[in-house]
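Notes follow once the structure below has been shown.
Because the structure is a prediction, the values reported are computed rather than measured.
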Amino acid sequence: MTCPVTGAAPGPVPLSGPRFATEPARLYREMRRDHGPVAPVLLDGGIPAWLVLGYRELHQVTADPVLFSRDSELWNQWPNIPEDWPLLPMIGHQQPSILYTVGERHTRRAAMIARALEAVDPFELKAHAETFADELIDRFCGKGSADLIAEYAMLLPVRVLARIYGFSDEQGPALVTAMNDMIDGRERALAGQQHLASSMARLIADKHETPGEDVASYMLAAQRTDGADGFSDEEIAQDLMVMMAAGHQPTADWIGNSLRLMLTDDRFAASLFGGRHSVAEAMNEVLWEDTPTQNVAGRWASRDTQLGGRRVHAGDLLLLGLGAANADPQVRTDGSALTGGNSAHFAFGHGEHRCPFPAQEVAEVVARTGIEVLLDRLPDLDLAVPAHALTRRPSPWLRGLTDLPVSFNPTPTSAFGELR
């Protein structure tokens with residue numbers, strides 16, 4: 001693929017800039033046109049990587065954990081990475097979390113996490129989500145206006161997750177700040193990671209002393225059962241940290257992106273007038289068209305190979321372009337048609353390193369409950385600005401709104417809360 005004017009091959013695309021926030025779908029189309037299904041990109045500091053854009057190619061990468069490993073120690077760029085590189089929280093070096101564990105130990109570790117999440121009572125989970133949703137709505141329902149991102153979506157998932165993981169409710173706000181700093185991958189990223197890590201370490205120490213009916217205690221119980229072959233406190237703390245980060249921000253963006261769709265797309269207008277079926281349909285549509293997790297780091301080639309017509313060298317980093325693959329024209333031949341409940345998207349990844357199914361269920365319960373409670377409480381919700389005025393966070397990794405201003409008729413703070 002060469003430029004029609006100069007005949008030169010297009011250069012690597014910087015994985016930054018406003019277009020990842022303003023028009024990612026068009027950007028991915030241009031990258032696919034210029035580079036094919038696997039595009040060369042540059043990370044912060046000019047660090048090279050590959051972005052996998054094609055649905056088939058992404059399936060190939062995620063389905064072969066031997067050739068395309070999750071072991072970040074294989075990366076051939078580590079000698080070029082400074083200690084203060086802002087993406088270190090996202091591309092870990094010598095981190096003992098499940099993200100970078102491979103083989104049989106990863107299988108055992110994933111099973112332990114899945115069992116701990118499965119032990120969460122689904123009715124209690126929904127009740128927690130309803131309770132916190134009501135509390136948050138009570139803060140602004142009397143005003144007649146709100147920013148549903150800052151005042152609702154960004155607060156709800158972490159409060160529910162903190163409760164089921166074993167944190168006190170008072171620790172939630174600081175965890176939100178730390179995780180947002182870490183995930184955005186900018187100057188506060190390392191400080192956010194450090195706060196989250198220290199919080200998890202304290203939680204583990206507390207649960208050793210006073211175990212409860214929570215995810216952290218369930219994982220520590222599995223640790224005691226496995227004995228010498230089990231996982232260390234540090235490993236469990238790392239996994240809780242990964243689960244908290246992966247469970248909060250994408251779920252918050254799932255809520256925000258779904259509400260935006262319902263408020264701006266006539267196909268989902270029924271959702272705003274008590275139509276519950278449309279909520280699930282809108283949430284699934286978002287996972288295809290506006291998925292919160294756009295790009296993921298990543299996989300590392302364990303040897304030289306070919307992928308999508310590209311020569312990939314041993315140790316090269318491959319970023320998973322989930323958003324781009326979902327829009328691959330070979331899969332979505334008619335991008336304007338609703339997906340009709342089709343769940344073959346890559347929103348939760350694929351293969352043995354995909355998001356565990358129990359974690360997906362937790363995210364869906366929290367997101368759907370949050371949306372339904374909001375629509376029950378404020379049925380006349382309306383967007384307070386033109387749709388084109390809504391802006392996104394400037395991140396190539398997670399796609400979410402910076403704000404979602406709405407208006408509605410003021411309502412009492414206690415009526416619905418007492419009924420629940």
Side-chain angles (χ1 to χ4, degrees), residues 18 20-22 24 129-162 169 172-184 186 188 192 247-265 268-269 271-273 279 282-283 286 290-294 363 366-395 397-414 416-417:
F20 283 99
T22 59
E130 289 178 340
T131 297
F132 289 130
D134 275 322
E135 287 185 10
L136 293 171
I137 294 168
D138 279 346
R139 297 179 184 179
F140 57 75
C141 66
K143 298 189 302 179
S145 64
D147 173 8
L148 293 183
I149 301 302
E151 296 179 76
Y152 192 66
M154 286 298 297
L155 302 178
L156 179 61
V158 72
R159 293 194 68 179
V160 179
L161 293 174
D169 293 342
L175 290 170
V176 171
T177 300
M179 282 187 292
N180 291 341
D181 288 343
M182 182 181 75
I183 292 169
D184 280 347
R186 301 192 181 278
R188 291 285 304 167
H248 164 62
Q249 188 66 63
T251 305
D253 289 336
W254 197 4
I255 294 171
N257 293 354
S258 298
L259 287 170
R260 182 205 65 81
L261 182 63
M262 293 182 220
L263 288 165
T264 59
D265 192 320
F268 301 100
S271 301
L272 302 178
F273 301 99
V279 173
M283 288 174 63
V286 162
D290 200 21
T291 186
T293 305
Q294 288 282 304
V366 173
R368 182 166 180 169
T369 302
I371 294 170
E372 290 179 346
V373 171
L374 181 72
L375 299 183
D376 284 348
R377 294 282 303 271
L378 306 174
D380 61 339
L381 206 61
D382 195 15
L383 196 61
V385 299
H388 64 79
L390 297 174
T391 58
R392 306 279 186 162
R393 288 193 314 273
S395 170
W397 310 102
L398 292 171
R399 181 163 172 77
L401 294 163
T402 57
D403 52 20
L404 185 60
V406 295
S407 60
F408 48 86
N409 286 322
T411 63
T413 59
S414 58
F416 284 91

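Contact of the D290 side chain with the L261 side chain is not registered, since no non-hydrogen atoms from C-beta on lie closer than 4.5 Å. Residues I149 and T402 form no side-chain contact, since every pair of their non-hydrogen atoms from C-beta on lies 4.5 Å or further apart. In this structure the side chain of L404 reaches within 4.5 angstrom of the side chain of L383, judged on heavy atoms.
Proximity of a side-chain donor or acceptor of W254 to a complementary backbone N or O of M283 within less than 3.5 Å is detected. Checked by atom type and distance alone, the side chain of Y152 pairs as donor or acceptor with a backbone atom of G370 at under 3.5 Å.
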Self-check item: side chain to side chain contact (heavy atoms under 4.5 Å, CB included) evaluation trace for N257 with R392
Solution: CA-CA 10 Å; N257 293 354; R392 306 279 186 162; 3.1 Å; yes
Quiz item: How far apart are the C-alpha atoms of L259 and V406, what are their side-chain angles, what is the distance that settles it, and do they pass the side chain to side chain contact (heavy atoms under 4.5 Å, CB included) test?
Solution: CA-CA 10 Å; L259 287 170; V406 295; over 6 Å; no
Quiz prompt | Steps toward side chain to side chain contact (heavy atoms under 4.5 Å, CB included) verdict (M262, L381) | solution = CA-CA 10 Å; M262 293 182 220; L381 206 61; over 6 Å; no
Quiz item: Taking it one step at a time, do L378 and F140 satisfy side chain to side chain contact (heavy atoms under 4.5 Å, CB included)?
Solution: CA-CA 11 Å; L378 306 174; F140 57 75; 3.8 Å; yes
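Rounded to the nearest 0.5 angstrom, F408 CZ and L148 CG are separated by 7.5 Å. Here CZ of F20 is found 13.0 Å from CG of L398. Values are rounded to the nearest 0.5 Å. For the atom pair CG of L155 and NE2 of H248, the computed distance is 8.0 Å after rounding to the nearest 0.5 Å.
Here D253 does not pair with R399 in a salt bridge; the nearest charged N to carboxylate O distance is not below 4.0 Å. A salt bridge is defined here as a Lys NZ or Arg NE, NH1 or NH2 lying under 4.0 Å from an Asp or Glu carboxylate O, and R159 with D169 fails to meet this definition.
Residues P157 and I255 come closest through the heavy atom pair CG-CD1, 4.2 Å. Between P412 and C141, the shortest heavy-atom distance links the atoms O-SG, 3.5 Å. In terms of heavy atoms, T413 sits closest to R377 at O-NH2, 3.8 Å. Heavy atoms only, all atoms of each residue included: A384 and S407 are closest at CB-N, 4.1 Å. Listed here is the closest heavy atom pair of L401 and G256: CD1-O, 3.8 Å. Shortest non-hydrogen contact noted between A363 and T251 is CB-OG1, 3.5 Å.
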